[in-house]
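Here's the structure, in structure tokens; my notes come after.
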Amino acid sequence: NLAASLASSASTNRVTRLDNVTCSYCGTHLNKVNKSLEHTVGRRFVPRGKLNANWNLLLYACQHCNNAKADLENDISAITLQPDFDRHHDEYDANVIKDAQRKGRNAVSRKTRKPVQESGERLRLSIPLENIGQLDFDLTAGPQIQEDRAFNLARLQLTAFFYFLTFQNTEKRGYPWKGEFMSVMMARRSDWGNAIMMDFMRAVRPWDYRLNCTTAEGFFRVCIRRHPTEELWSWVVEWNVSIRLIGFFGCSNTAQSVVDSFGPLKVQHYDLGGGDWAQYRTEVPLDPADDVAFDVD
């Protein structure tokens with residue numbers, strides 16, 4: 001029972017460490033020049049100190065992949081720790097909030113090239129109203145993560161976990177999955193109950209889990225499940241009690257058949273005149289009673 005073994009490791013303040021001879025991300029053979037120790041859950045990706053007494057997967061990676069992952073972690077960590085609508089989550093204690101503020105000052109958003117705390121976004125819309133005039137309003141949002149960067153970081157984390165799951169002690173190496181990496185959705189906590197997230201959870205809930213891990217006092221979570229008959233795995237990653245990403249890796253045709261049953265999202269459309277238009281949808285919070293993303297039998 002892998003999940004039980006991870007829980008045991010966490011409770012005894014131990015890590016799992018692999019003495020691998022190939023890079024856990026790209027498969028390059030390691031040597032004294034390119035070899036570096038890698039923490040799959042970055043110590044600075046979660047709030048300071050949250051991994052001190054919790055489980056982590058340590059293995060070796062080439063310096064190039066290690067640096068690339070660290071660059072992704074830098075601003076994504078800071079952004080995921082920022083408050084929603086100027087309010088931090090209840091799980092954030094005073095030390096976590098202080099760390100979030102520090103990261104907001106020091107980390108630079110790769111999207112805006114400004115400090116994360118200065119990278120909020122504002123959009124002004126004007127909607128014409130027949131025989132009345134127009135309705136003007138401003139939309140504001142906190143700093144945003146570039147989706148390609150977010151899914152690339154998730155892919156690297158999942159690659160390391162899959163390397164662990166397929167690790168052969170005699171060969172001192174793990175293996176990549178067969179097939180493609182497929183991203184489905186990234187959502188902030190305030191929207192974890194939307195139709196796609198809910199349908200994903202329901203669809204993959206019966207699949208056998210291969211990894212189910214909550215660590216860093218709940219600030220990092222991951223679950224990998226395997227399709228009952230096909231070479232397909234589902235995955236969900238949760239960062240800093242703030243962001244969830246979902247998707248698949250393996251057989252893309254089977255994955256597409258599952259995705260085709262999701263949604264649709266409820267989107268409102270407004271014609272702004274002159275060929276301009278705007279669409280929006282209301283975020284849907286997730287009732288904790290309906291949250292089965294990390295449930296296992």
Side-chain angles (χ1 to χ4, degrees), residues 25 40-41 45 69 72-73 76-77 79-80 84 111 141 144-163 165 176-214 220-268 279-288 290-296:
Y25 299 120
T40 303
V41 182
F45 184 71
K69 179 169 175 282
L72 291 166
E73 291 172 333
I76 292 176
S77 173
I79 293 172
T80 56
D84 282 338
K111 183 176 183 180
Q144 303 296 301
I145 304 171
Q146 292 174 297
E147 283 205 0
D148 60 335
R149 287 174 56 79
F151 282 114
N152 195 24
L153 176 57
R155 180 185 61 80
L156 288 171
Q157 292 170 340
L158 292 159
T159 299
F161 285 123
F162 197 79
Y163 188 94
L165 293 175
W177 54 73
K178 297 179 181 178
E180 300 179 26
F181 177 81
M182 294 151 278
S183 57
V184 173
M185 172 172 268
M186 175 177 71
R188 294 197 69 88
R189 181 171 177 171
S190 54
D191 196 33
W192 288 354
N194 72 58
I196 290 178
M197 299 291 283
M198 293 299 298
D199 287 347
F200 174 87
M201 286 191 289
R202 295 185 186 112
V204 306
R205 177 65 180 80
W207 299 10
D208 291 334
Y209 74 93
R210 292 295 182 265
L211 176 75
N212 189 42
C213 175
T214 296
F220 185 93
R221 306 179 78 187
V222 58
C223 187
I224 299 173
R225 304 177 192 264
R226 171 139 190 195
H227 191 282
T229 60
E230 303 293 335
E231 288 280 317
L232 179 67
W233 293 261
S234 70
W235 58 265
V236 54
V237 175
E238 182 181 310
W239 296 333
N240 292 322
V241 204
S242 173
I243 294 288
R244 278 187 187 176
L245 303 96
I246 57 174
F248 301 93
F249 52 79
C251 177
S252 59
N253 290 335
T254 305
Q256 189 61 55
S257 68
V258 178
V259 172
D260 287 344
S261 68
F262 296 169
L265 299 175
K266 295 181 180 180
V267 177
Q268 300 292 329
Q279 289 183 329
Y280 79 92
R281 66 179 182 85
T282 303
E283 292 184 332
V284 183
L286 176 60
D287 186 330
D290 296 328
D291 189 0
V292 296
F294 300 93
D295 283 2
V296 294

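Computed from a predicted model, the values in this text were never measured in an experiment.
To the nearest 0.5 Å, the span separating SG on Cys213 from CD1 on Ile224 amounts to 10.0 Å. In this structure, CD on Glu231 lies 8.5 Å from SG on Cys251, to the nearest 0.5 angstrom. Arg202 CZ to Met197 CE: the interatomic distance, rounded to the nearest 0.5 Å, is 12.0 Å. Going from atom CD1 of Ile79 over to atom CD1 of Ile243 covers 9.0 Å, rounded to the nearest 0.5 Å. Atom CD in Gln256 sits 10.0 Å away from atom OG in Ser261 (nearest 0.5 Å). Separation of atoms NE2 (His227) and CH2 (Trp207) is listed at 5.0 Å; rounding is to 0.5 Å.
A donor-acceptor pair under 3.5 Å is formed between the side chain of Lys69 and the backbone N or O of Thr40. Checked by atom type and distance alone, the side chain of Asp199 never pairs as donor or acceptor with a backbone atom of Val258 at under 3.5 Å.
Phe220 and Phe45 have perpendicular rings, their planes meeting at more than 60° on a 0 to 90° scale where under 30° would count as parallel.
Residues Arg155 and Asn152 bring a donor and an acceptor atom of their side chains to less than 3.5 Å of each other. Side chains of Glu238 and Trp192: no donor on one and acceptor on the other come within 3.5 Å.
Salt bridge present: Asp84 and Arg188 bring a charged side-chain N and a carboxylate O closer than 4.0 Å.
Across every non-hydrogen atom of Arg210 and Leu165, the tightest pair is O-CD2, 3.4 Å. Across every non-hydrogen atom of Gly263 and Ala195, the tightest pair is CA-CB, 3.9 Å. Smallest separation of non-hydrogen atoms from Val41 and Phe161: CG2-CZ, 4.3 Å. Smallest separation of non-hydrogen atoms from Met198 and Gly193: CG-O, 3.3 Å. When all heavy atoms are compared, the tightest approach of Ile145 to Ala150 is CG2-CB, 3.7 Å. Nearest approach of Phe200 to Trp235, heavy atoms of both residues: CZ-O, 3.4 Å.
For the side chain to side chain donor-acceptor pair (under 3.5 Å) test, no residue two or more places apart in sequence or in another chain qualifies with Glu230. Partners of Arg221 under the side chain to side chain donor-acceptor pair (under 3.5 Å) rule, at least two apart in sequence or in another chain, are Thr214. Every residue two or more places apart in sequence or in another chain that forms a side chain to side chain contact (heavy atoms under 4.5 Å, CB included) with Ala255 is listed here: Met182, Leu232, Phe248.
Partner of Leu286 under the side chain to side chain contact (heavy atoms under 4.5 Å, CB included) criterion, chosen from Asp191, Asn194, Asp291: Asp291. Of the candidates Val237, Leu153, Leu245, Val237 is the only one forming a side chain to side chain contact (heavy atoms under 4.5 Å, CB included) with Leu158.
Residues Thr282 and Lys266 have side chains not in contact (no heavy-atom distance under 4.5 Å, counting atoms from C-beta outward). Pro176 places none of its side-chain heavy atoms less than 4.5 Å from the side chain of Thr159.
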Please walk me through it: do Asp290 and Met201 pass side chain to side chain contact (heavy atoms under 4.5 Å, CB included)?
CA-CA 9 Å; Asp290 296 328; Met201 286 191 289; 5.9 Å; no

